[in-house]
Amino acid sequence: MESLGIMGGTRDFLPDTMIRREFVIDTLKLLFRKYGFEPLETPAIERLETLTGKYGEEGEKLIYQVINSGSLANLQPGKRLEHALRYDLTVPLARVVAMYGDEMLPDPKNPKKQLRRLPRPFKRYQVQPVWRGDRPGQGRFREFYQCDADVVGATSLLVEAELIALAVEAFKTLGFQDFTIKINHRQLLAGLISWAGVPKSKEATTLSSIDKLDKLSVEAVKSELHEKGLEQDQIEKLFNVIKLSGNGAELLDEAGALLKASETASTGIAELQQLLGLLKALQVDGQHYKIDLSLARGLDYYTGTIWEIVTAAPVGSVGAGGRYDGLISTLSGGLVDQPACGTSFGLDRLLAAMEHLDLLQQIPRNTEVLVLRFTDPGAELILLSLVCALRKVGVRTEIGYNDAPFSPDGMRQQLGYANEKGISYAVIMGPDEMTQGMVTLRNLLTREQSKLPIVDAVNLISSRLHS
RNA sequence: GUGGCUGUAGCUCAAUCGGUAGAGCACCAGACCGUGACUCUGGUCGUUGCGGGUUCAAUUCCCGUCAGCCACUCCA
């Protein structure tokens with residue numbers, strides 16, 4: 001019985017789910033383009049050396065290695081694997097920037113001039129699967145999709161502001177009403193930690209505890225920090241700042257006053273203040289973002305602003321981003337050193353959140369009209385020309401594959417098909433309609449139907465669909 | 001990488017204290033019938049995930065194994 005199956009942690013996306021995935025992906029891509037990002041795709045398989053040494057010890061183990069020639073038979077003992085499946089979309093981006101960043105093309109408008117193949121700053125989006133050699137678990141897959149938009153080669157805070165504006169617009173477009181982008185700054189955190197007297201060696205572990213504040217109580221986090229060897233007064237100092245609340249600007253002022261001794265923290269605070277101004281100027285709805293000093297996002301490579309998107313659905317964060325000015329240099333092996341900032345949407349979590357919030361039913365199935373087919377004399381020509389006419393005006397139309405003359409069973413069978421496929425309208429032309437020169441248009445949702453003259457059936461149907 | 005749960009006809013599931021398995025849907029044949037989860041009649045379908053053990057007897061108990069799901073760790 002279980003002779004067929006797929007590898008654990010991988011998935012088949014059947015049409016019903018694929019329609020939803022594409023809806024989300026298309027929405028995101030449209031917005032990426034709207035903000036001036038251009039598409040990039042890179043191979044699933046990269047050279048192993050491109051990927052190794054980039055993700056730290058934990059990540060290293062999860063790289064999906066690929067046998068050289070693609071065949072076990074050609075694998076020689078002792079010979080190393082040299083390829084691997086891509087682990088994320090950021091390393092390929094770094095590689096692309098390193099490989100093509102300086103490439104010039106002749107300017108078609110002016111033969112004496114040359115243009116960069118990759119404009120600088122380079123704004124690209126990329127929606128592709130990545131692989132992790134991980135044991136699959138809940139919400140964790142061996143193969144999953146990332147949707148990234150990054151800007152390489154610009155230090156302006158406007159990049160952060162635009163990426164956050166884009167994210168807000170994306171979530172609104174997808175139908176979310178209740179969502180928040182939590183914003184913080186790595187330098188603020190780093191400054192805070194050293195200001196509190198916590199040694200640099202404990203910075204990462206301290207951050208990972210602080211990041212749990214949305215799940216654990218203040219007390220639980222404090223005791224966890226205590227177990228990690230932080231002094232009581234260090235912990236108190238940390239929380240004096242972290243627990244600050246209020247609207248963005250006030251909160252930052254208070255934090256700034258407390259942390260004014262730390263130059264690093266002050267830099268971070270100044271940038272956040274500037275960012276708030278830019279977001280306002282970009283007319284981003286203030287209810288959808290807030291400064292959250294407890295946001296840490298464990299990732300070591302962030303150097304500036306960091307953010308995370310949460311919704312009302314209990315599925316964790318559905319997107320995240322930040323500035324990582326040193327990463328391109330690291331990932332490209334020191335070949336290029338460019339500042340970068342990006343945001344990423346978790347497609348699977350996004351869909352899970354939409355499922356929770358009932359936002360998916362708004363997404364229609366593909367076919368809009370099914371023309372029932374009967375082979376009665378004279379019917380074929382009319383039916384097929386009707387199909388052509390509907391398609392010509394852009395109505396997604398199917399014809400029933402019924403090879404028999406009009407019969408109740410044929411009707412049932414074809415309407416049943418329409419029902420299974422979630423088609424919203426059926427066009428019926430039986431003997432009655434034929435003699436009257438009419439067609440019946442049936443709304444399969446409301447089960448209401450009416451007869452239309454054949455001559456303006458197409459117009460009436462298409463206008464009904466677009467109202 | 002730890003802990004918990006599940007695995008029964010094509011699908012969704014049931015079987016009280018261990019007594020060799022049922023229902024709905026689907027499917028097939030037919031009735032009815034200008035209309036999609038309509039109605040009626042009849043019918044097909046399972047070595048209960050796999051392997052082993054306890055027992056007179058196992059879907060029910062025990063061990064192993066595989067697969068899937070959920071909670072931690074971690075991330076996306």
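Letters A, B, ... mirror the listed sequences (proteins, then strands); counts begin at 1.
- Between the C1' atom of A76(B) and the CZ atom of R142(A) lies a distance of 16 Å, rounded to the nearest Å.
- When the side-chain nitrogen and oxygen atoms of R349(A) are compared with OP1 and OP2 of A76(B), none of them lie within a distance under 4.0 Å.
- Considering only the side chain of R442(A), G36(B) comes nearest among G36(B), G34(B), C33(B).
- Contact annotation for F406(A): base contact, defined as any heavy-atom pair under 4.0 Å involving a base atom.
- Side chain of R132(A), nearest nucleotide from A37(B), A76(B), G34(B): A76(B).
- Heavy-atom distances to RNA chain B give each of R412(A) and N419(A) a nearest nucleotide, and the one nearer the 5′ end belongs to R412(A).
- In this structure, F37(A) has its ring center no closer than 6.0 Å to that of Y125(A).
- Comparing the P positions of A14(B) and A23(B) gives a spacing of 16 Å, expressed to the nearest Å.
- For Q414(A) and C33(B), the CD to P distance is 20 Å, given to the nearest whole Å.
- A distance below 6.0 Å separates the ring centres of H288(A) and F179(A).
- Listed nucleotides U35(B), G36(B), A76(B) differ in distance to I428(A); the shortest reach to its side chain belongs to U35(B).
- With sequence neighbours left out, Y87(A) forms a ring pair (Phe, Tyr, Trp, His ring centres under 6.0 Å) with Y55(A).
- Nearest-nucleotide positions on RNA chain B for S407(A) and Q146(A) put S407(A) closer to the 5' end.
- There is no side-chain donor-acceptor pair under 3.5 Å between R464(A) and Y425(A).
- A donor N or O paired with an acceptor N or O is found under 3.5 Å between the base of G34(B) and the side-chain atoms of E433(A).
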